[in-house]
Amino acid sequence: MNNDILQETMVEQKVTYTLEIHGKFIIIENVPARVCLETGERFFLPETVEQLQKMIWEDRKPIRVIETPVFEFA
């Protein structure tokens, strides 16, 4: 039996959320999340997810646009 005490490894951070929709990449900066220090896994509150979805589907004008190089793994 393991009696080790599990320590909280989650911290509140602002992260960059990225996704691809219909061949377009969307980047949303400064999204609040709880991040696991051991794995880097990110957890979002349901309210945050709802706001992300609303921002994405409303087709808002971005604050800036960036150009991204694309490479094929060969």
Side-chain angles (χ1 to χ4, degrees):
M1 182 179 213
N2 189 347
N3 289 331
D4 292 338
I5 297 175
L6 295 176
Q7 292 185 329
E8 176 73 22
T9 60
M10 303 293 286
V11 294
E12 297 287 334
Q13 290 184 351
K14 299 281 182 158
V15 300
T16 300
Y17 182 86
T18 60
L19 73 151
E20 179 186 359
I21 297 179
H22 308 297
K24 293 174 121 179
F25 284 95
I26 298 174
I27 301 169
I28 303 174
E29 298 177 316
N30 299 311
V31 179
R34 289 186 50 82
V35 180
C36 177
L37 294 176
E38 293 176 0
T39 66
E41 189 170 6
R42 303 179 303 174
F43 297 89
F44 302 96
L45 291 174
E47 297 82 14
T48 302
V49 173
E50 288 175 12
Q51 188 172 349
L52 286 168
Q53 290 174 338
K54 184 177 178 185
M55 291 176 72
I56 292 162
W57 295 115
E58 281 183 347
D59 202 26
R60 292 185 190 181
K61 183 178 179 185
I63 59 169
R64 70 180 187 279
V65 177
I66 61 173
E67 185 177 329
T68 304
V70 178
F71 299 92
E72 184 168 339
F73 186 80

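Applying the ring-ring contact (aromatic ring centres under 6.0 Å, His included) test to pairs two or more places apart or on separate chains, none has a residue in residues 47-74.
Hydrophobic clustering (ILVMFWY, side-chain heavy atoms < 4.5 Å, transitive): Phe44 and Ile56 are in one cluster.
Looking only at distances, a side-chain donor or acceptor of Arg42 sits under 3.5 Å from a matching main-chain atom of Thr16.
Taking each heavy atom of Val35 and Gly40 in turn, the nearest pair found is CG1-O, 4.0 Å. Pro32 approaches Thr48 most closely through the heavy-atom pair O-CG2, 3.9 Å.
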Run the side-chain donor-acceptor check on residues 17-31: report pairs under 3.5 Å with partners two or more places apart or on a different chain.
{"residue": "Glu29", "atom": "OE1", "partner": "Arg64", "partner atom": "NH1", "Å": "3.2"}
{"residue": "Glu29", "atom": "OE1", "partner": "Arg64", "partner atom": "NH2", "Å": "3.4"}
{"residue": "Glu29", "atom": "OE2", "partner": "Arg64", "partner atom": "NH2", "Å": "2.8"}

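For Glu58, the side chain to side chain donor-acceptor pair (under 3.5 Å) partners two or more places apart in sequence, or in a different chain, are Arg60.
None of Arg34, Glu41, Glu38 except one satisfies the side chain to side chain contact (heavy atoms under 4.5 Å, CB included) rule with Met10; the exception is Arg34.
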